[in-house]
Each structure stands twice: as structure tokens, then as C-alpha cells.
Amino acid sequence: MTQPIIALHHVTKRYGDATILKNIDLTLEPGKFYTLLGPSGCGKTTILRTIAGFTDATDGDVLFAGDRINDVPANKRNVNTVFQDYALFPHMTVAENVAFGLTLKKRPKPEIAERVAQALKLVQLADYGDREISALSGGQQQRIAIARAIVMEPQVLLLDEPLSALDAKLRRQMQYELRDLQQRLGITFLFVTHDQEEALAMSDEIFVMSQGEVLQSGSPVDIYDEPINHFVADFIGESNILPGKMIADFQVAFGGHQFECADAGIPVNEAVEIVIRPEDLTLTDPANAKLTVTIDTQLFRGDYYEIAATDSLGNDWLIHSVNPAEDGESVGITFRPQDLHVMRFGEKEAEFDARLETYETEDESHDEP
Amino acid sequence: MTNRKTWLYFIPYGLWLALFVIAPVALIIYQSFFDLGHHFTVANYGTYFQSATYLKMTLNSVWYAFLITLFTVLISYPTAYFLHQLKHRQFWLLLVILPTWINILLKAYAFIGIFSQAGLANQFLTFIGIGPQQILFTNASFIFVATYIQIPFMILPIFNALDDLNPAFINASKDLGASAWQTFHRVIFPLTLPGVKAGVQAVFIPSLSLFMLTRLIGGNKVITLGTAIEEHFLTTMNWGMGSTIGVVLIVAMIIVMTLTGDQKPKGGTPR
């Protein structure tokens, strides 16, 4: 394993009686795209500010390339930030904004001009150097904010919800561009967002946070397919979460029936929760169905129908289907064992990973759909 | 119907504007073209611009207003900056504003007491062994008291400008490697300059026509335009000349307003 570029060891942040960060451990490797994902107030921005140096950790160590930087002021750290509201200086032109950091470093003028031009080209705004900040659209300001940060050639770029002020279409476009930019520059990005779609689309690794804790970390696919608990399952994507009971390894009961599943290592008869993603459910003839549900209502979403249904025990089901159904119709639904994911109550990430180790070692690809 | 209603709201302001702004200014301009014998003339302007006394008076007014403004800025910016860092800043700001609620004459008389031969200031000087000095009726005491009176009108707009400053700008500056001083002079000060300009307007213009303080504290050693206007209207009864100086003052105000940008003064005027 390579030397981590950023590491947080047992970082805690308290404001008076309120604990914002609870014993955070987190490692970022060079050249990867990381995302801190969580609802507002979960502490994700505080982590960013701790790494940038705008706020101090109450306890714990912040390491940069192995060195403790808790006491290094923000202006001496080799990380740069793209702020949520961009924070472009309104009294300077675009070029002056981008050049700001370099002029502080007293670089020679020709070098500054060249690097500013390069940075502006990188964000596809090469001809905008002389513009006033107020003359730029939100998307352009966003790019200038990125240019102003990357012109400093930081080893880590921190992005604080940079896309939240953009409209949906531009946001999707910027997702591609950010991902592309990160791969071209080869530096570490730490991206903060509350938008799970953004996180899934761009990241190499996601840290899902809630109430000052990292609940789960892993690749987007891992987190989507194997959420550790109700919160993560609910927060990432749409999901059906049902109460159930473990019957045996690879056997679980819910909705009044017993099904084959892909999870093991849980004590028999333990109460658990089962996650099924709506797109993994297939509508079928009640005769060869695993469960029968009654259609309540459906919404046309363009590329699929979002169908709400109820089973005989009163559990609500959300189904994504390419074909429409009839309201009030009784239909069968079916799914594969690997579409089920069993979650234990109160299981921590370390325990979860250890349990997965016990039965997934021989067959790494077994959870792939 | 809606149009007519909206128009109705303008009446109080329109009346105020017509009676207390347009009419007096028009009257001053009108009066400035009449001599003592009520004959129409431009001689008043001729007198003004040819008389060394009047030009010196103008220069004096501008110079003292400049000094007062300068000292006010030098004291107010750091004060506003400091106040802005405090936890209960609105409370501390209130303490700064409080003296403006007291009539300027009362404050002037209080300073006469403090600066007089047997006053507090001289008691202190005697105590530390310097002995009593002539403090009252000096130019220094005039500038001191004028500055004291104007400070709140400078602090307020600067404080507001600091308050409006998005803290993200400061973080962005540090993030890009700026030291505290670099952040101040390249980001914080330029972005709060509109507040300073508003303060300069609120202080410089009224300072041009101070006359009560020049007499009570300055001992009439400095004759400013304000003093001259008062003399002409109340003592020599030369309303035409007084109005001419008034017009000159109005023009000076317009010049200052133009120089300090399109910001409207946020503070009031001391009176």
C-alpha cells in the first residue's frame, strides 16, 4: 500500500457541548477521488475544514504525507479548496483571481501568466481572463474556482459541495468534467456532498457519514449493493427495507416466506433487515412469483415506471419496471438471491467487513449482479 | 387605480423633498445673486474667488475637514475591525453609537470643562508633573473634539462593510497561501473600502461646515466656511455673500460625493 496523502487518526471535534466529529479515522491515498457523503449537519464539511486548516481538531491527529499538520496554519498547507459558494474575489478579474495564490508566492510574471492561461484552458474558459467575476454564470464561476485552486498544483483538492448551486443539467455535465479533471491531474480529490447520485457517479471511494461518524466506506458499488445499515441503505438510492429473521446461513425469512440469500455468519433466528433495490425486482406472473403484491399506484419516470405496491402482510414495496402495471392489479414479483442484502442491527463497519471475510474470501465476484 | 395608489405613497416624501431640500437649495442659489442692496449681481462670486481671505478660509475648511477625516479613519477602521471580532459585537457597537444620541452642544460644553485651566485634563497633567497647559482654544483640541464626535459615523459603515464581508473570502485567501497581513491588505480592506468611502462622506462633508466647535473649542482661531456663513447671516446680515459660500459648500459636497463613488452615506450627520 502506498503512503497515504491524508490521514485522520481519532479526530474529534467539539463545540461546547456539541460533538461534531466522533473519533474519525480516515485514510486518503494519492490520486484517488474520495467523497464524504451525508445529510447536512453530519460533520462532512467540518472534516474538510479540519484538513484545510480552517478549524482545529479538538482531539486526534491530521497527517499530511505522514507528517502531523494540526498546528500548520491553513496558508502553509499544500491543499487547496473549492468553496461551496466559490468565494471568488469580486474586486479582481478572472485572471487576477486565478493568479492570486501565485502572486503571493512571488513567482515571476511570465510564469504566472503562463500557468493562469493553462489553468483557464483546463477548465475551458481560456478567453475569460479579463472578465469581471459578476459577469460570469454560476457554472463559469464554478470552473474559475476550480482553476484558482488547481493552479496552485496542490496534492489534495478539497471540494465543498461545489455543484450544489448549479442546475441539474449543468451538475451532471460537471460530474463528468470533475472526474475527468481528477484523472488527468492525477491528484487526490476529496469531495463533499449530500447528493448520493453525485457521490456514486464520481468516486473511487465513498465515506457515508451521519451524526459525526463514518458509518461505512467503500467503493460506490459496495456501498450501493451492501449497505451496512438502515440509514445507509435509505440514504443511498431507493430501497425496500423489510424486517426479517435469519433462518440459517444463506437462508432468510421475510414477508411470510423463506428465501435464499447471499449473506451468512449471522446467528440463527436473529432479527435482521433485508434490503432489496427497486430495480432488482421483476414483475411476473403470480404463478411463478416469489411474492405477490397489489399495485397501489405508479408514476411514469421517463425511462421506467415507479410502482408502489403492498404485500399481504402490509409491507410497502417500491418497484422499478420498464413495463407499466394496472392499479389494483395483483402481480407477482421475483428476485435473485444476490439481490437480497441482509443487515444486522447495530453492526459496525469493522464487524461487517470481518463477517464478509468469513464467507466471501474464495469467491470475490460472487456479489456482483 | 394601483398606479394612483402607489403615487399617493410618494406624497409625504415628495413634500419633504420639496420643502426641505429643493426649496432651501433653490433659495440659497437665488440669494447668492443679490448684493446688500437687493440688486441682482454676480459680484458675490467675484468677491469670493478674488478675496484671499475667503480662499484661505476655504483651504482651511478643506484642510481641517481632511485632518478630521484622516484621524477618524485611522481610529475607526481598527476599532470597527476589533469590534467585529468580539462575541457580543452588537452590544459593543451600541456603546460606540450611544454618544451620538447626546446633543453636540452638550458634548462641546463637556469638553470645555475637561480642557479648561482647572479641568480634568490639566489636573492630570499637573499630577504627572507637566503642569497645566493651554488646551482649550487650540487647533489640536478642535481636531480632537471634532474627531471624537465624528468617529461613530465612520465606525458604523466600516463595521457594516466588515459584517457584510463573506468569511469564505478570508478562508479562500488563506487557502491560497496568504498570510494574515496579505489577506487584510489584498482582500479584506479592498472589499470593505465602500464602507470607508461611505464613512468619509458622512464625516468629511459635515466637517467642512463645522462652526459650533470652531468657536467653542477652537476659540474662533480657525475660521472655516461654516463660521463664515454663520457670521454673514447672523452678524453682518450679508445674506447674499453667505449664500454664495453656501453654494460653494454644496459644490464641494457634490465633488466629494463623486470622488467617493456611488455609495450613499450610511451614517447620519452630527447636529
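Side chains included, hydrogens not; waters and symmetry mates left out as well; all remaining heavy atoms used. Quantities reported herein were computed from a predicted structural model and do not represent experimental measurements.
Neither the backbone nor the side chain of A:L102 comes within contact range of chain B, judged by heavy atoms closer than 4.5 Å. Using a 4.5 Å cut-off between heavy atoms, A:R49 contacts chain B through its side chain alone, with no backbone atom that close. Both the backbone and the side chain of A:N80 come within less than 4.5 Å of a heavy atom in chain B. In this structure, the portions of B:S173 lying under 4.5 Å from any heavy atom of chain A include both its backbone and its side chain.
At most 12 non-hydrogen atoms from other residues, nucleotides or ligands lie less than 6.0 angstrom from CZ of B:F144. The number of heavy-atom neighbours closer than 6.0 Å to CG of A:D167, taken from other residues, nucleotides and ligands shown, is above 12. More than 12 non-hydrogen atoms from other residues, nucleotides or ligands lie less than 6.0 angstrom from CD of A:E177. Dense packing is recorded around NE2 of B:H185, with more than 12 heavy atoms of other residues, nucleotides or ligands lying under 6.0 Å away.
Residues B:F169 and A:F89 approach most closely at O-CE2, 3.4 Å, considering heavy atoms. Listed here is the closest heavy atom pair of A:M152 and B:L176: CE-O, 3.6 Å. Closest non-hydrogen pair, B:R186 versus A:H91, comes out as O-NE2, 2.9 Å.
Residue with the most contacts toward chain A among B:L191, B:N166, B:I170: B:L191 (heavy-atom pairs, distance under 4.5 Å). Here A:R148 is the residue among A:Q84, A:R148, A:M92 with the most heavy-atom pairs under 4.5 Å with chain B. With respect to chain A, the highest number of heavy-atom pairs below 4.5 Å among B:A180, B:A168, B:P167, B:G177 belongs to B:G177.
Atom OG1 of residue A:T103 and atom CD of residue B:Q182 lie 8.0 Å apart, to the nearest 0.5 angstrom.
The shortest side-chain heavy-atom distance between B:D175 and A:R77 does not fall under the 4.5 Å cut-off.
Looking only at atom types and distance, the side chain of A:N75 has no donor-acceptor partner in the side chain of B:S179 under 3.5 Å away.
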